[in-house]
2 protein chains.
Amino acid sequence: MVYLECMTTAFTVGRVARLAGITVRTLHHYDDIGLLTPSGRATNGYRSYDETDIERLQQILAYRELGLGLDEIARAIDATNDIEVLAEAQRRIRERLDRLDRIAANLDSTIEARKKGLHMTPEQRLEAFGDFDPEEFADEAKDRWGGTPTYDESVRRTSSYTTDDWKRYRAEASNLDDRFLALMDAGIGAESDEAAQLVDAHRSLITRWFYECTPDIHAGLGAMYASDPRFRENIDKAGAGLAEFLSASIAARYRD
Amino acid sequence: MVYLECMTTAFTVGRVARLAGITVRTLHHYDDIGLLTPSGRATNGYRSYDETDIERLQQILAYRELGLGLDEIARAIDATNDIEVLAEAQRRIRERLDRLDRIAANLDSTIEARKKGLHMTPEQRLEAFGDFDPEEFADEAKDRWGGTPTYDESVRRTSSYTTDDWKRYRAEASNLDDRFLALMDAGIGAESDEAAQLVDAHRSLITRWFYECTPDIHAGLGAMYASDPRFRENIDKAGAGLAEFLSASIAARYRD
DNA sequence: GTAGACCATCCCGTCGCGTGAGGGTCAAGG
DNA sequence: CCTTGACCCTCACGCGACGGGATGGTCTAC
């Protein structure tokens, strides 16, 4: 306003900070690194921000909201035409809004699932956060186990299991583990009739919960339990040597 | 899955990182500070994340998105029931969405104003960022200058000025400054007829752009130009001593 | 003239990782 | 059997964006 300028312009740090919802320290910092240097100083040395400074601050804050680094912000603002800067900030903010929307939706369905007792896969839980890789993981699993009908069926069936279902399955499995371990402790061998009965129970368990487990498949699975360290470690959690014993029992059952 | 567990569970750091769109280092960090400790380690020492870990990570990421510190996140998750945690995260995310919406709307109107050449006040530019203080600033100004009819009128009129309007005003004012400075340089006194003419032009300028500037008001304004350091500094930017000279000229004009 | 609210400049501290350095693990292929 | 490449591990230093205190000047306000 020139003749009336000090009425409207000439903001001190504190005032700018309050208006913008930031701290004085932040303005000092922006001055230090040259991101927002106040256009003037009063005779007492106080920083004096004018309207153009505020305009720049507006742009800075818009970009900051997106998590850009201060140097990136500086480049973004200084490089291009100022209306372009705002429009770009606009676009980025809208992207951000989309992301938050996805996350909110994800939490929604997580809460829903939790209420209904439904189970969610890890991929479902994290899909809103990763930038996007719809298949990548499923592919990884398929490369190893998949393409086979048993794998596919298992995926289909387990996808609708609730958390309670999983609990019940785990209880059943744990019970079976204990019975195997009891045999081991009692010194009853893997070739015994008792072991053969438990093997049948094991096959039935897998068929009921995952896929049609034929004797052939079961034999293959049993071999893996002992040889593949991933299965082995996992099974041995229930008791040391269980993987070996289970594998031997299965092998004995189908040996004839 | 117990017997099939290694097919689905047992994620390595890299896999979790890819799924969640974060870096391995971040997972290491969360492990270091105890925010997310993998539920197990493989025999080779590799971190092994299971489904419950992923669930926790989901909650962590949701909170992180809001800019909470990691210790706050830990407290939020550990303190309360887990479904409550998710619901709370939900609420915070929605707040965040609101804020971003406000900022986007603000940028919208800024861009619109820019296109139409309209002028925006600093308060308008920053209102979306500050937590909220609708009046605070206006109050500050009013405490000093306001309540007076001249101030109110000035606010009313200038609020509709475009940036071009401001440019034209500044040009006029700058021109007037130069003419005053020319008198000073020529050694023509503040009591001269030439100065009196310029004083009238100055009063007319203020009346045309801001408010009905009566001789009384003008005299008061002139006194302030010299005495109030804020006015003085601002006016002296155009030329050292201008505030003093202008003030003296105005005083002389109305002395009779 | 002194109290309280601002302002200034230094400068060390913190948080959330980034980024090597230095080294083991593990299928896959020559 | 050895290598290559893609993983994994543990230090440990560094950095960006401020926070926050120390120390001291400035400015209305009673």
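Please read these numbers as outputs of a predicted model, since none were measured by experiment. The sequence lines fix the lettering, A, B, ..., with proteins before strands; numbering per chain opens at 1.
- Heavy atoms of B:L70 sit under 4.0 angstrom from primed sugar atoms or phosphate atoms, though from no base atom.
- The separation between A:Y30 atom OH and C:dA8 atom C1' is 20 Å, rounded to whole Å.
- Between A:R41 and A:D31, at least one side-chain N (NZ, or NE/NH1/NH2) sits under 4.0 Å from a carboxylate O, which counts as a salt bridge.
- Ring geometry for B:H218 versus B:Y254: interplanar angle over 60°, hence perpendicular rather than tilted (30 to 60°).
- Between B:T26 and C:dG16 there is no side-chain polar atom (N or O) within less than 4.0 angstrom of OP1 or OP2.
- Atom CZ in B:F11 sits about 16 Å away from atom P in D:dC7, given to the nearest Å.
- Side-chain contact of A:D216 with A:T214: a donor-acceptor pair under 3.5 Å is absent, judged by distance alone.
- Taking atom CZ on B:R64 and atom C1' on C:dC17, their separation rounds to 10 Å, with Å as the unit.
- Between the CD1 atom of B:I22 and the P atom of C:dT19 there is a distance of 15 Å, rounded to whole Å.
- Rounded to a whole Å, the CZ atom of A:R15 is 17 Å from the P atom of C:dA5.
- Remark: P of C:dC15 and CG of B:D32 are 14 Å apart, rounded to the nearest angstrom.
- Taking a cutoff of 4.0 Å between a charged side-chain nitrogen and a carboxylate oxygen, B:R92 and B:E65 do not qualify as a salt bridge.
- Using modelled atom types, one finds no donor on one side chain facing an acceptor on the other under 3.5 Å when comparing B:Q124 with B:N106.
- OP1 or OP2 of D:dT10 has at least one side-chain nitrogen or oxygen of B:R41 nearer than 4.0 Å.
- The distance from the NE2 atom of B:H28 to the CG atom of B:L36 is 11.5 Å, given to the nearest 0.5 Å.
- Along DNA chain D, the nucleotide nearest to B:T12 and the one nearest to A:H29 differ in position, and the one closer to the 5' end is contacted by B:T12.
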At under 4.0 Å between heavy atoms, how does the protein contact nucleotides 20-25 of chain C? Give one character per nucleotide, 5' to 3', with B, S or -. ----BB
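- The interatomic distance linking B:D31 (CG) with D:dC8 (P) rounds to 14 Å, in whole Å.
- Distance, B:H28 NE2 to C:dG16 C1': 15 Å, rounded to whole Å.
- The side chain of B:R47 places no N or O atom within less than 4.0 Å of a non-bridging phosphate oxygen (OP1 or OP2) of D:dC8.
- The nucleotide whose nearest atom lies closest to any side-chain atom of A:T23 is, among D:dA17, D:dC8, D:dG19, D:dG19.
- Comment: A:E88 engages A:R91 in a salt bridge, judged by a side-chain N to carboxylate O separation of less than 4.0 angstrom.
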